[in-house]
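Have a look at the structure below before the remarks.
Here is how names work: the chains are called A, B, and so on, in the same order as the sequence lines, proteins then strands, and each is numbered from 1. Every heavy atom of this structure was used, including side-chain atoms; hydrogens, water molecules and symmetry mates were not.
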2 protein chains.
Amino acid sequence: VEAWGIRRVRSALRAARKKDHSFSSGEILGSMCTAPHAIAAEAHALFLETNLGDPDHFPGTTAIETELLEDFRVLLHAPKKAQARFLTGGTEANIMAMYVAREKTGKTEVVLPEQAHFSFEKAARLLGMTLKWVPSHGGRSHPGEMAKAITKHTALVICVAGSTELGLVDDVRAIGRMAKAAGVPLHVDGAFGGYILPFLNRPSHDLRVAGVWSFSLDPHKVGMSTIPGGILCLRDGSDWDYVAVETPYVSTDKQTQLQGTRPGGAVAAAWAVHRTLGDAGFSKIIDRCMKLSRWLAAGLEKKGYELVAQPDLTVVTFRAENPVALQESLSNAGIRVNVVPRFGAIRIVVNPHVTKAALQKLLDAL
Amino acid sequence: VEAWGIRRVRSALRAARKKDHSFSSGEILGSMCTAPHAIAAEAHALFLETNLGDPDHFPGTTAIETELLEDFRVLLHAPKKAQARFLTGGTEANIMAMYVAREKTGKTEVVLPEQAHFSFEKAARLLGMTLKWVPSHGGRSHPGEMAKAITKHTALVICVAGSTELGLVDDVRAIGRMAKAAGVPLHVDGAFGGYILPFLNRPSHDLRVAGVWSFSLDPHKVGMSTIPGGILCLRDGSDWDYVAVETPYVSTDKQTQLQGTRPGGAVAAAWAVHRTLGDAGFSKIIDRCMKLSRWLAAGLEKKGYELVAQPDLTVVTFRAENPVALQESLSNAGIRVNVVPRFGAIRIVVNPHVTKAALQKLLDAL
């Protein structure tokens, strides 16, 4: 590579970034990610060089991570012996849940509902595990169907708190009861809903439910933190030992994450967002997103669009004759939505960066 | 969590960061990581919200990634059909090399030298593969010993270009010939040495060597970019298809990385460092680090310390009667080194942030 002057590098970076769509412009309406909070960006920059894979060099960042993981234990109403880990996202969280379950049970079969995220497919192939996909009813897992699929070879049952396609939330209490009765660990994939559900008036979905063995959620989605950030909390923290690997030349004895070098920046960012917003701040933002979602859903129905489902969370989906063509024509009008092929639908995610004006623009364009 | 005022959050962040040691203070002498280049920090901040897992929203960042991956293909002298991927670090690169090899060959045995990184242990357990550790001679892999360990069940042979403990570089050409003759793919773990070797007058170690099937290196180490950053380049890019998973609701058809949501910030950072320094800038920095390493090695010997090995790259290791106690006493003097338990040694990594003054301080303290 040839060396450029710093000004040429800077202007090329800015030009590339200009070609991107952005959260702040109000264009992106179909992404599960959102703009990081300003304090997240600030914290990430301040902790950019820190490596949590070698914590003795970074005791300040390590203390921040300890506090952050305790935040999640409390948020998820997990018992004292529970332990969360900061990972690179929802995919690593799902991989680790399946990996720990495989090592703990010595079994390789996983029972999961049809709306579970494609990362479980990634995890299964990587781990040599078998997925038993179970049909759902109305986009939500059915405890009876799940129970029927469980055998003596089942290592793990999975349910979803905020599905990627429709944003629907499973009845975690009913599935938890079922899993407990069957004696099989239950993982709740809350990558999307994990930061929303605690701030709604909804039945328990987290580690208050006795049958729930593990729960995942993503700071880099509704958590308004920076990429990469995913959390997996295990009810019994000692279960992490099943996947611990000895680390001979860094300042820890063992690692339980996939990464060796780990970004302290993303950890500090999530910690800073938690303390800046607090539960009250999150409540306010989630409440606004929920209201906008209902408003959008009503507006779509008024225009004659058929919703795939009434929104449980902040995902609104409606059927379109040719969703790919509609996506493209909306994109040309500066409105970025995603397609959900399985339902022939367009998906809007009313994330914190989404404005009422942007949703009005969408309604006007339709 | 309770909401704090933004000023309290900021001052708590600064206080935590102050408890950390830092690269820029000159304290950290034992880490394989280094301070990110200023342009890396700038680029990371500018691209902080971008998600390469959903590239249609971020065509500018996607173009940057395409150029960056081509940089690596050229740096590693890989053929046109080669394809690199941007991953979360050296561990994911090693996991993916073993994973692709397992899927491609249908075999599960991996032959690797005793100095290979502990991440291969992580990968093997995750992937259900078996590691056959082979004794090395003088810290470097021995082609004859490696050849003896290969059986008809061998999926992959591994060698190391810059070992974590001693920074030693295998004879990649000899091992490449051996692997080629045996008909087994060879992965070169260049996580540390991959950014150093191209700028030294050394025999070919990369994809010029016919037997080399894959090569990994880490932008977040000597590449002076931000965490997380790892590269795996496969000689035949179509081999990535062995691990491709379909992605139904984002703007790609397939993913071959472990992550779903992927940080564009780290990609833009590595791209910006490449263009700001260019090959000439990297050469200059590497040359300085190499000279300092030799100077430190000579200084240690003059003081009567026994080097574990003469430095191949920018890692200097010396024996100590009680390395843990010595590490601690040095730490109290503001000098942060790492211990290499297997050799009863102290490890210094003369990374770009390390100054002659800091090394002189170490020599004076000994």
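When the candidates A:Val245, A:Thr91, A:Ile39, A:Leu13 are compared by the number of heavy-atom contacts under 4.5 Å with chain B, A:Leu13 comes out ahead. For chain B, the option among A:Arg14, A:His220, A:Glu92, A:Lys18 with the highest count of heavy-atom pairs below 4.5 Å is A:His220. Annotation: maximal heavy-atom pairing with chain A below 4.5 Å, among B:Ala38, B:Ala244, B:Pro55, occurs at B:Ala244. In terms of non-hydrogen atom pairs under 4.5 Å with chain A, the most contact-rich of B:Ala268, B:Pro36, B:Ala15, B:Gly89 is B:Pro36. Of the listed residues (B:Met32, B:Arg10, B:Glu121, B:Arg342), the greatest number of heavy-atom pairs within a distance under 4.5 Å of chain A belongs to B:Arg10. Of the listed residues (A:Val339, A:Ile227, A:Val340, A:Thr62), the greatest number of heavy-atom pairs within a distance under 4.5 Å of chain B belongs to A:Ile227. Contact tally against chain A (heavy-atom pairs below 4.5 Å) for B:His21, B:Arg8, B:Glu42, B:Arg125: the top residue is B:Arg125. Put simply, of B:Gly281, B:Ser22, B:Ala12, the one with the most heavy-atom pairs under 4.5 Å next to chain A is B:Ser22. Chain B forms the most heavy-atom pairs under 4.5 Å with one residue out of A:Leu48, A:Thr88, A:Leu87, A:Leu126, and that residue is A:Leu126. Most heavy-atom pairs under 4.5 Å with chain B: of the set A:Leu277, A:Thr34, A:Thr247, A:Leu75, this distinction falls to A:Thr247.
Heavy-atom distances place no part of A:Ala266 under 4.5 Å from chain B, backbone and side chain included. In this structure, chain B has a heavy atom under 4.5 Å from the side chain of A:Ile64, while its backbone stays farther away. Heavy atoms of B:Asp56 lying under 4.5 Å from chain A belong to its backbone as well as its side chain. With a 4.5 angstrom heavy-atom cutoff, A:Val74 does not touch chain B via any of its atoms. At a 4.5 Å heavy-atom cutoff, the contact between A:Gln257 and chain B is made by backbone atoms alone. Residue contact with chain B, scored on non-hydrogen atoms closer than 4.5 Å, involves the side chain of A:Arg102 exclusively. Both the backbone and the side chain of B:Ala272 come within contact range of chain A, judged by heavy atoms closer than 4.5 Å. Of the two parts of B:Ile28, only the side chain, counted from C-beta on, holds a non-hydrogen atom closer than 4.5 Å to a non-hydrogen atom of chain A. For a residue to count as touching a neighbouring chain, one of its non-hydrogen atoms must lie under 4.5 Å from one of that chain's; by this rule A:Ile95 touches chain B with the side chain only. Contacts between B:Tyr99 and chain A at a heavy-atom distance below 4.5 Å involve the side chain alone, from C-beta outward. In this structure, chain A has heavy atoms under 4.5 Å from both the backbone and the side chain of B:Ala41. Only the side chain of A:Thr164 has a heavy atom closer than 4.5 Å to any heavy atom of chain B. Contacts between A:Asp279 and chain B at a heavy-atom distance below 4.5 Å involve backbone atoms as well as side-chain atoms. Contacts between A:His117 and chain B at a heavy-atom distance below 4.5 Å involve backbone atoms as well as side-chain atoms. In this structure, chain B has a heavy atom under 4.5 Å from the side chain of A:Thr226, while its backbone stays farther away. There is no contact between A:Phe343 and chain B, counting heavy-atom distances below 4.5 Å. Contact of A:Glu27 with chain B is not made at all, since no heavy-atom distance falls under 4.5 Å. With a threshold of 4.5 angstrom between heavy atoms, A:Leu258 approaches chain B through its backbone and through its side chain. Proximity to chain B is absent for every atom of A:Ala63, based on heavy atoms less than 4.5 angstrom apart.
Under a 3.5 Å cut-off, the side chain of B:Asp218 and the backbone N or O of B:Gly230 do not form any donor-acceptor pair. With hydrogens and angles ignored, the 3.5 Å screen pairs no side-chain donor or acceptor of A:Ser331 with any backbone N or O of A:Gln327. Under a 3.5 Å cut-off, the side chain of B:Ser225 and the backbone N or O of B:Ala270 do form a donor-acceptor pair.
Looking only at atom types and distance, the side chain of A:His57 has a donor-acceptor partner in the side chain of B:Asn338 under 3.5 Å away. When only modelled atom types and interatomic distance are considered, A:Ser31 and B:Asp54 share no side-chain donor-acceptor pair under 3.5 Å. For the residue pair A:Asp20/B:Thr61, the side-chain donor-acceptor check at 3.5 Å is satisfied.
Salt bridge present: A:Glu49 and B:Arg17 bring a charged side-chain N and a carboxylate O closer than 4.0 Å. Salt bridge status for B:Arg275 with A:Glu2: absent, with no side-chain N to carboxylate O gap under 4.0 Å. The existence of a salt bridge linking A:Arg347 and A:Glu165 is excluded, since no basic side-chain nitrogen approaches an acidic carboxylate oxygen closer than 4.0 Å.
Ring-plane geometry between A:Phe199 and A:Phe282 is classed as parallel, the angle between the planes falling under 30 degrees on a 0 to 90 degree scale with a further cut at 60.
The minimum heavy-atom distance between B:Lys19 and A:Pro59, with the atom names listed, is O-CG, 3.2 Å. Pairing each heavy atom of A:Ala40 with each of A:Met224, the nearest pair is CB-O, 3.7 Å.
Residues A:Phe72 and A:His274 place their aromatic rings such that the two centres sit under 6.0 Å apart.
Expressed to the nearest 0.5 Å, how far CG of B:Leu52 lies from CD of B:Gln255 amounts to 10.5 Å.
Side-chain atoms of A:Phe120 and A:Asp189, non-hydrogen and from C-beta on, do get closer than 4.5 Å to each other. For the pair B:Arg262 and B:Phe86, the minimum side-chain heavy-atom distance is below 4.5 Å. Residues A:Thr50 and B:Phe23 have side chains not in contact (no heavy-atom distance under 4.5 Å, counting atoms from C-beta outward).
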